[in-house]
Protein chains: 2
Amino acid sequence: MRQKKSALASVTVLERLRAAGLRPTRQRLALAKLLFARGHRHVSAEQLFNEARGQRVDVSLATVYNALHDFTGKGLLREISIDSSSSYFDTNTGNHHHFYFERTGRLEDIASDQVSISALPSAPGGAEISRVDVIIRVKA
Amino acid sequence: MRQKKSALASVTVLERLRAAGLRPTRQRLALAKLLFARGHRHVSAEQLFNEARGQRVDVSLATVYNALHDFTGKGLLREISIDSSSSYFDTNTGNHHHFYFERTGRLEDIASDQVSISALPSAPGGAEISRVDVIIRVKA
DNA sequence: CCTTAATTTAGAATTATTCTAAACTGCTTG
DNA sequence: CAAGCAGTTTAGAATAATTCTAAATTAAGG
């Protein structure tokens with residue numbers, strides 16, 4: 001069963017990459033598995049790189065950056081910059097918001113139906129809104 | 001009148017620095033004048049540095065960083081990190097939100113009464129909320 | 001004035017990220 | 001299924017924003 005489960009996960013990930021028009025290379029498959037294996041996560045490039053290393057996935061840091069950007073470009077990830085020191089990539093690309101724990105730097109999702117924003121001013125000059133981010137900064 | 005106006009501005013800035021417990025040095029006074037002279041603004045360290053240079057204010061980049069952080073620490077500025085490439089300092093420290101123009105990187109204030117957020121989930125573990133940022137990203 | 005602690009500064013150091021150019025590898029075609 | 005090419009990967013250099021260091025300067029108080 002372990003074997004099968006793992007094989008299934010690979011298949012899914014491979015399909016996701018194909019569907020996105022990304023060539024499923026060994027590196028992308030491994031990184032995508034780490035990213036999408038379980039529930040949603042928020043990772044920095046460095047974190048993902050270390051995780052891959054820890055699992056003996058031979059991949060360079062440059063490739064991690066490339067993959068994260070490629071995935072983001074294809075809508076598989078969303079990039080978030082909260083703390084200017086580094087950016088995070090969120091596997092949850094749906095409409096949602098975040099808690100940001102200032103002390104630890106950790107992010108936690110808030111389902112979009114938990115926050116309701118009203119009376120949004122229209123963008124100046126009728127410009128199109130590409131997304132609305134709500135970040136609740138928490139002192140803990 | 002010009003002289004007087006400028007003198008008044010200096011006095012105000014000097015008082016603000018004193019009130020904040022910051023020694024009003026030549027550099028801080030000059031930077032504070034640039035920052036607070038007119039309406040609210042969003043500046044990066046590099047921008048402020050160049051502006052100072054342009055006005056023959058002899059100040060180092062390190063001092064600009066120091067001043068921006070000191071001012072932020074005393075509540076005279078608020079730091080904003082939207083794009084991970086650099087951070088901005090906002091002279092408007094009141095409760096408000098932002099439009100972010102993705103193409104140009106420009107920020108524009110949105111008065112807090114223009115956005116109403118309801119049903120905020122309480123912070124996990126009863127942690128204290130230090131601030132809520134709403135960023136409306138605009139494709140223009 | 002003099003002293004002292006705070007501030008400024010040049011330049012080095014650090015950190016995250018991107019770039020470069022060469023090596024490698026999926027995929028398609030013949 | 002072999003060949004070739006475009007797309008990928010990679011090591012290491014390069015870049016950009018920011019911070020650090022240690023020495024020189026300066027504001028504030030007696």
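The structure displayed is predicted, hence computed values, not measured ones.
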Quick one: list whatever passes side-chain contact (heavy atoms from CB on, under 4.5 Å) with [X], sequence neighbours left out.
| X | value |
| --- | --- |
| B:S84 | A:S81, A:S87 |
| A:Q55 | A:L34, A:V57 |
| A:A111 | A:D113, A:Q114 |

Inset, instruction - Return the set of residues passing side chain to side chain donor-acceptor pair (under 3.5 Å) with B:R41 (not counting sequence neighbours), or none when no residue passes. - result: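 B:E51.
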Grab the [atom1]-[atom2] distance between [X] and [N] for me, whole Å please.
| X | N | atom1 | atom2 | answer |
| --- | --- | --- | --- | --- |
| B:L29 | D:dA27 | CG | C1' | 11 Å |
| A:F49 | D:dT9 | CZ | C1' | 13 Å |
| B:N50 | D:dA16 | CG | P | 14 Å |
| B:I80 | D:dA17 | CD1 | P | 18 Å |
| A:D83 | D:dT18 | CG | P | 12 Å |
| B:N66 | C:dA10 | CG | P | 12 Å |
| B:L68 | C:dT7 | CG | C1' | 15 Å |

Inset, instruction - Return yes if a side-chain donor-acceptor contact under 3.5 Å exists between B:H98 and B:D109, otherwise no. - result: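 Looking only at side-chain atoms, B:D109 and B:H98 do form a donor-acceptor pair, the distance falling under 3.5 Å.
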Inset, instruction - Would you classify A:D58 as touching base, sugar-phosphate or nothing, given that sugar-phosphate means primed atoms plus P, OP1 and OP2, and contacts are heavy atoms under 4.0 Å? - result: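 It contacts sugar-phosphate atoms only.
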Legend entry - Five-pair end axes of the helix from C:dC1-D:dG30 to C:dG30-D:dC1, angle between them (10°):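 It works out to 30° between the end axes.
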Legend entry - side-chain hydrogen bond (donor to acceptor under 3.5 Å, both in side chains) partner of A:H42, chosen from A:T91, A:N92, A:D90: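 Going through the options one by one, the only one that passes is A:D90.
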Legend entry - Where protein sits on nucleotides 14-30 of chain C, one letter per nucleotide: B base, S sugar-phosphate only, - none, heavy atoms under 4.0 Å: --SBBB-----BBS---
Inset, instruction - Look at the rings of A:F101 and A:F99 and say which category their plane angle falls in: under 30° parallel, 30 to 60° tilted, over 60° perpendicular. - result: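 Rings of A:F101 and A:F99: tilted, 30 to 60°.
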Legend entry - Ion pair A:D133/A:R131, N-O distance below 4.0 Å: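 Looking at A:D133 and A:R131, the cut-off is met.
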Legend entry - Lys/Arg-Asp/Glu bridge criterion (N-O < 4.0 Å) met for B:K139, A:E128: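 Salt bridge present between B:K139 and A:E128.
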Legend entry - Side-chain N or O of B:S60 closer than 4.0 Å to phosphate OP1/OP2 of C:dT9: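 So the side chain of B:S60 is within the cut-off, an N or O lying under 4.0 Å from OP1 or OP2 of C:dT9.
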